Structures are given as C-alpha cells and as structure tokens.
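Just so we're clear, the structure is a prediction, and the values are computed from it rather than from any experiment.
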Amino acid sequence: MNCPLPDSWCRWLGDEFQASYMQSLRAFLAAEKTARKVVYPHSSNWFRAFELTPLDRVKVVILGQDPYHGPDQAHGLCFSVRPDVAVPPSLKNIYKELADDVDFRPVAHGMLESWARQGVLLLNTSLTVEQGSAGSHRGKGWEIFTDRTIATVSAHAEPCVFLLWGSHARQKKALVDTTRHLVLESPHPSPLSAHRGFFGNHHFSQANTFLEHHGRQSIDWQLPESPESAP
C-alpha cells in the first residue's frame, strides 16, 4: 500500500503501511465492510488530521480516543464534528475553558478545522469506530500507528505543545521528549470529569506562551462564526 499521508508525514511514517500490524488492520476493516457494519468516519477522512496539519506545521497536539460513533459526526479530527451537528458535551466544556482562558466566544458549531489548519494536530488514538459502539476498534492496530505518530512529532517537529486530557491521553506522555516539548496534563473535558481539574487548567494560553517563547506563531483559538468561513 502506498503511503496515503502528505509527504512530510510519509517520510517518517510511510514504512508503517507495509508493516504486518497495518496489514492485519486493513484485513479487519475489510471484514467489517463485508459484514455490512457501518464504520466512522468515512474512509476518505481516516487521515484527515494528517492532511490538514503537515508534520512541519505541527504546533499543538490534542489527543482523543475514538472517533464519534453517531451518524454524521466524525470527520477525522478529534473532538470536532461536521457542520450542522450538535456540539458534543466534551467540546462544549472545551469552549467553556477557552472562554475563561483566552477570551474565546463560543460558537454554535463544532467544526475545528481552522485549528488544524493553524498547526493543531487533532489526533484520535484509534482512527475508526463501529457505529454506536465506542471502543470497538481498539486493539486492532491503530494505536501502534498513532503511537508512532506521536513519537514522530516528538523527534522531528519543532518545539510544540502536547495537551493530554484524561488518563488515556496522559499515558502517551512517555512517547514525548519533554526536554524539547511542553506537555500539559489534566482530567478529560467530559462532563463526568471536567470539574476535577479540566476547568481552570489554562492550557490554551499556556500553549501560546510556549509557542511565542520559541519564536513560533501562536494559535488563534477563536473559531469562525460559520464553519464554512474557516481559513
């Protein structure tokens, strides 16, 4: 299989697509399709995060777990949903923290592509999921690939910020060279845990301070009022 990623990623991750775990993963996904199971996101969006955020532009990494498993939600970016889909609860809490931290004005949509285009890698650790079944594609091989992705950012990107929310994401800290990059940890923005330390973490302003200190342009966290007006 040829590398389906942009050149900046293929240089370091291209060999992964020939690895035995990736062959097993492809066989699993093909079997899911044969069984007429609905898989999200559409295959054209499996690598959307990589397409919008080339390795040489990564400034911030935000880690999620699975794609959303409801109809018309997932489109390849963690926490982000398609236009005209209700903003999910965790993303609403992200908006609340942004409003307190960087004078963010909440918007009525959940499309985060404008962040991705600025250098925010919105990466789920598993890139597919079966409809209505959270966690259904864990342990099938995606985590190996996304761990290699995190390690690649750590080794080859300019100094950047890793925002690790929740125990699952925080386990990935071991993959990051903390002498070069800033790692910020907190509970997950889920309604079940946001009040235990996600609110008030000031991760967004801290990320921009770090980027500016290293001579990199900060992230404009304000989302466009309409997702169609994203740059």
Side-chain angles (χ1 to χ4, degrees), residues 49-50 52-65 77-81 87-125 146 149-150 153-154 156-227 229-231:
F50 299 85
L52 291 179
T53 314
L55 176 60
D56 54 0
R57 295 191 60 197
V58 175
K59 298 176 182 175
V60 177
V61 179
I62 298 178
L63 289 179
Q65 284 186 258
L77 306 179
C78 74
F79 293 105
S80 182
V81 291
V87 179
S90 290
L91 186 53
K92 286 183 179 179
N93 285 340
I94 290 172
Y95 287 177
K96 288 179 183 179
E97 175 57 24
L98 278 161
D100 289 340
D101 187 21
V102 293
D103 199 26
F104 173 90
R105 300 183 309 280
V107 294
H109 65 84
M111 170 67 86
L112 306 182
E113 282 198 358
S114 66
W115 291 358
R117 294 180 191 279
Q118 293 180 73
V120 182
L121 182 65
L122 296 165
L123 183 68
N124 281 310
T125 55
T146 53
T149 299
I150 296 166
V153 173
S154 177
H156 302 293
E158 294 181 47
C160 59
V161 184
F162 289 78
L163 304 184
L164 307 183
W165 301 331
S167 59
H168 177 82
R170 294 169 85 164
Q171 292 172 7
K172 307 301 180 180
K173 182 177 181 178
L175 300 170
V176 180
D177 180 356
T178 56
T179 68
R180 298 184 61 242
H181 307 288
L182 176 64
V183 174
L184 298 174
E185 304 176 67
S186 84
H188 194 274
S190 161
L192 298 175
S193 57
H195 292 280
R196 298 203 295 265
F198 178 80
F199 290 137
N201 66 20
H202 300 294
H203 280 185
F204 304 99
S205 59
Q206 288 186 68
N208 277 347
T209 297
F210 178 88
L211 292 171
E212 291 166 359
H213 178 75
H214 286 83
R216 308 196 70 190
Q217 186 172 356
S218 59
I219 303 297
D220 179 3
W221 296 106
Q222 181 59 53
L223 294 166
E225 291 297 323
S226 167
S229 64

Inset, instruction - Look at the side chain of His181 and the backbone N and O of Cys160, then say whether any donor-acceptor pair between them is shorter than 3.5 Å. - result: yes

Legend entry - Closest approach of Ser190 to Asn93 (non-hydrogen atoms, all atoms of both residues): C-ND2, 3.8 Å

Legend entry - side chain to side chain contact (heavy atoms under 4.5 Å, CB included) between Leu123 and Cys78, worked out: CA-CA 5 Å; Leu123 183 68; Cys78 74; 5.7 Å; no

Inset, instruction - Kindly give the heavy-atom pair with the smallest separation between Leu211 and Ser218, and that separation in Å. - result: CD1-CA, 4.2 Å

Legend entry - Gap separating the CZ atom of Phe50 from the CG atom of Leu121, nearest 0.5 angstrom: 6.5 Å

Legend entry - From Leu163 atom CG to Phe198 atom CZ, the distance as rounded to the nearest 0.5 Å: 8.5 Å

Legend entry - Separation of Asp56 CG from His156 NE2 (nearest 0.5 Å): 13.0 Å

Inset, instruction - Please work out whether the ring planes of Phe210 and His214 are parallel, tilted or perpendicular, with thresholds of 30° and 60°. - result: tilted

Legend entry - Validation row: Asn201, Leu184 side chains within 4.5 angstrom (heavy atoms): no

Legend entry - Results of ring-ring contact (aromatic ring centres under 6.0 Å, His included) for His188 - residues two or more places apart only: Phe79

Legend entry - Check: Leu77 and Val120 side chains under 4.5 Å, non-hydrogen atoms: no

Inset, instruction - Indicate the atoms forming the closest heavy-atom contact of Gln222 with Asp103, along with that distance. - result: OE1-O, 4.3 Å

Legend entry - Arg57 (side chain) donor-acceptor with Ala116 (main chain) under 3.5 angstrom: no

Legend entry - Residues that Glu185 engages under salt bridge (Lys or Arg N to Asp or Glu O under 4.0 Å), provided they are two or more places apart: Arg170, Lys173

Inset, instruction - Kindly write out the residues that satisfy side-chain hydrogen bond (donor to acceptor under 3.5 Å, both in side chains) with His168, not counting sequence neighbours, or none if the list is empty. - result: Thr125

Legend entry - His203 side chain vs Asp101 backbone, donor-acceptor pair below 3.5 Å: no

Inset, instruction - Would you confirm whether Ser80, through its side chain, and Gly110, through its main-chain N or O, come within 3.5 Å as a donor-acceptor pair? - result: yes

Inset, instruction - Would you name the heavy atoms of Gly197 and Ser186 that are closest together and state the gap between them? - result: O-CB, 3.9 Å

Legend entry - Residue list, side-chain hydrogen bond (donor to acceptor under 3.5 Å, both in side chains) with Thr146, at least two apart or on another chain: none

Inset, instruction - Please list, chain by chain and in numerical order, all residues satisfying side-chain hydrogen bond (donor to acceptor under 3.5 Å, both in side chains) with Asn208, sequence neighbours excluded. - result: none

Inset, instruction - Locate the shortest heavy-atom distance separating Pro159 from Arg180; write the atom from each residue and the value. - result: CB-O, 3.5 Å

Legend entry - Side chain to side chain, Tyr95 and Val107, heavy atoms closer than 4.5 Å: yes

Inset, instruction - Check whether any side-chain heavy atom of Ile94 sits under 4.5 Å from a side-chain heavy atom of Trp165, and report yes or no. - result: yes

Inset, instruction - Please round to the nearest 0.5 Å and tell me the distance separating atom OG of Ser167 and atom CD of Gln65. - result: 7.0 Å

Legend entry - Residue list, side-chain hydrogen bond (donor to acceptor under 3.5 Å, both in side chains) with Ser154, at least two apart or on another chain: none

Inset, instruction - Determine yes or no for a side-chain-to-main-chain donor-acceptor pair under 3.5 angstrom, with Lys59 supplying the side chain and Gln217 the backbone. - result: yes

Inset, instruction - Please confirm whether the backbone N or O of Ala194 pairs with a side-chain atom of Glu97, one donor and one acceptor, at under 3.5 Å? - result: no

Inset, instruction - Please examine the side chains of Leu175 and Phe162, heavy atoms only from C-beta on, and report whether any two atoms are closer than 4.5 Å. - result: no

Inset, instruction - Taking Gln118 for its side chain and Asp220 for its backbone only, find out whether a donor-acceptor pair lies under 3.5 Å. - result: yes

